[in-house]
Amino acid sequence: MNQRSEQGSRPAPRKPITRPSTAHRSGREALHRRLSAGDPRSDQVPARRIPVGLSTSCVFPSGVEEAFRLGQLIGYDGVEVMVSYPKDSQDVAELRGYSRLYEQPIMSLHAPTLFFLQGLWGRDPWVKIERTVQMAVDLEVPTVVAHPPFRWQGKYAHGFVDGVAELEERYGVAIAVENMYPWRLGVREVLTYLPDHDPTDEDYEHVTVDLSHAATAGDDALAMIDRLGDRLTHLHLADGSGSTTKDEHLPPGEGNQPCAEVLRRLANTGWGGSVLLEVNTRGAGGAEGRERILRQCLSFARHHLGHHLDEPGEADAP
């Protein structure tokens, strides 16, 4: 029996609107202490070769097709498409064509639930998710990533958990709700999302963990993954310093997130999901810089997932 059935009609406890900013710092310090003490589960004994995909957001402001091209050129296992204002990101036929031309399967679609996409496909937020799910069905894509609702989105926010479950059942597509972060204003943090910026304690069947968002929130990504177990569907691989209010999406290894430990732990458990790179390359210095960063990120991911252990003579590579 799931949590919705057990709770019946009991009202959920009221979520606070703000919290002290010290919550961010204390979470980051707790993670640091745990990692400093050693993490035996980070030894490399991979039980599955986890695929690594490339989000189209990694090539912004270049177009969707460029992500498919670079995915093939560099050697990614597939692409996550951010459904956005460019028409080809919304066009099933064009996306299918890119996938075939560049031999890059579409591993997931990201619904346009970001703040700056509030006007796409009208103002009804359920339309954004359902239209993306319909695209996923047409493209035979198993997963749609979606952000939790903003607090001001009324009935949509309060009915989101049940609504997601209903859409999953109706269409047979996993809707993996992504962790976000509070908005920090001085000594307080505004808890902008409902039911919460951290979806791990809600009754979702599928969840995406974004390591950059965890850095901004001060959340312990390793603890989040442990809480989720098999409900973890996607990992957005990125890094963050945790020292800014911005969502940084740094290349893995350039912040303070346990990117290597997360990858190793997932590989060791035989996790059945996918890793999708989601980094910001806008300051990379042009196309060559972008390609260099995306190559480095893929190398980082494959190494810590233990892919090199499948290759004769490569087990001792740095």
Side-chain angles (χ1 to χ4, degrees), residues 12-35 57 82 110-118 125 128-129 145-161 163-164 175-204 206-228 231-232 234-250 252 254-259 262 278-280:
R14 184 177 178 85
K15 297 279 186 177
I17 297 176
T18 67
R19 71 178 187 183
S21 288
T22 52
H24 167 267
R25 186 174 64 252
S26 61
R28 189 174 60 194
E29 290 172 350
L31 174 62
H32 176 72
R33 285 194 300 271
R34 285 178 44 232
L35 292 180
S57 65
M82 172 71 74
H110 196 311
T113 48
L114 288 76
F115 181 80
F116 67 89
L117 295 175
Q118 294 297 294
K128 304 178 196 302
I129 295 182
V145 177
H147 289 183
F150 294 108
R151 182 175 289 274
W152 60 77
Q153 289 182 300
K155 291 182 179 179
Y156 169 68
H158 290 285
F160 187 70
V161 177
V164 164
I175 301 174
V177 180
E178 186 173 1
N179 64 305
M180 295 302 292
Y181 47 87
W183 294 359
R184 291 204 299 279
L185 301 171
V187 298
R188 302 292 295 179
E189 294 179 346
V190 180
L191 304 182
T192 316
Y193 296 92
L194 275 179
D196 198 353
H197 73 275
D198 177 358
T200 63
D201 58 356
E202 301 297 336
D203 193 22
Y204 300 116
H206 304 94
V207 173
T208 295
V209 168
D210 184 300
L211 298 180
S212 176
H213 296 173
T216 306
D219 289 333
D220 184 336
L222 285 170
M224 294 174 73
I225 287 168
D226 286 344
R227 288 197 298 273
L228 286 168
R231 294 193 300 139
L232 179 67
H234 259 27
L235 179 78
H236 277 168
L237 179 60
D239 213 334
S241 67
S243 60
T244 174
T245 58
K246 295 180 180 179
D247 179 18
E248 296 171 286
H249 283 280
L250 301 174
E254 294 191 8
N256 63 14
Q257 286 301 285
C259 297
V262 165
E278 196 177 74
V279 299
N280 181 357

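Along the sequence shown, residues carry numbers from 1.
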Visitor: For Glu248, give me all partners under side chain to side chain donor-acceptor pair (under 3.5 Å), at least two apart in sequence or on another chain.
Guide: Ser241

Visitor: Go through the structure and list residues passing side-chain contact (heavy atoms from CB on, under 4.5 Å) with Pro148, not counting sequence neighbours.
Guide: Val177, Met180, Tyr193

Visitor: For Asp239 versus Asn256, what's the shortest heavy-atom pair and its separation?
Guide: OD1-N, 3.4 Å

Visitor: Of all heavy-atom pairs between Cys259 and Ala238, which one has the smallest distance, and what is that distance?
Guide: SG-O, 3.4 Å

Visitor: Under the rule for side chain to side chain donor-acceptor pair (under 3.5 Å), what residues qualify as partners of Asn280, not counting sequence neighbours?
Guide: Arg282

Visitor: Within this structure, what is the CZ-CZ distance for the pair Phe150 and Phe160, rounded to the nearest 0.5 Å?
Guide: 11.0 Å

Visitor: Which residues pass the side-chain contact (heavy atoms from CB on, under 4.5 Å) test with Pro125, sequence neighbours left out?
Guide: Gln153, Tyr156

Visitor: Looking at Pro199 and Glu178, what are the two nearest heavy atoms and their distance?
Guide: CG-C, 3.9 Å

Visitor: Just to verify, what does His249 make a ring pair (Phe, Tyr, Trp, His ring centres under 6.0 Å) with, not counting sequence neighbours?
Guide: His213

Visitor: Please name the pair of heavy atoms, one in Asp210 and one in Asn179, separated by the smallest distance, quoted to 0.1 Å.
Guide: N-OD1, 2.5 Å

Visitor: I'd like to check the side chain to side chain donor-acceptor pair (under 3.5 Å) partners of Ser57; sequence neighbours left out, ordered by chain and number.
Guide: Ser55

Visitor: List the residues meeting side chain to side chain donor-acceptor pair (under 3.5 Å) with Ser212, not counting sequence neighbours, and say none if there are none.
Guide: Asp247

Visitor: Quick one: do His234 and His206 satisfy ring-ring contact (aromatic ring centres under 6.0 Å, His included)? Show the steps, please.
Guide: CA-CA 8 Å; His234 259 27; His206 304 94; over 10 Å; no

Visitor: Roughly how far apart are Thr208 OG1 and Ile175 CD1, rounded to 0.5 Å?
Guide: 11.0 Å

Visitor: With rounding to the nearest 0.5 Å, note down the distance linking CG in Leu235 to CG in Leu228.
Guide: 11.0 Å

Visitor: Looking only at non-hydrogen atoms, find the nearest pair between Asp198 and Thr200 and report the distance.
Guide: OD1-OG1, 2.7 Å

Visitor: Side chain of Arg227, backbone of Asp201: donor and acceptor closer than 3.5 Å?
Guide: no

Visitor: Please report the C-alpha distance between Thr192 and Trp152 in whole Å, then the side-chain angles of each, then the deciding distance to 0.1 Å, and finally whether the side chain to side chain contact (heavy atoms under 4.5 Å, CB included) criterion is met.
Guide: CA-CA 8 Å; Thr192 316; Trp152 60 77; 3.7 Å; yes

Visitor: Before giving the answer on side chain to side chain contact (heavy atoms under 4.5 Å, CB included), spell out for Met224 and Val207 the whole-Å C-alpha distance, their side-chain angles and the decisive distance to 0.1 Å.
Guide: CA-CA 10 Å; Met224 294 174 73; Val207 173; over 6 Å; no

Visitor: For a quick test of reading the model, state the closest non-hydrogen atom pair linking Ala221 to Ala214 and the distance between them.
Guide: CB-CB, 4.2 Å

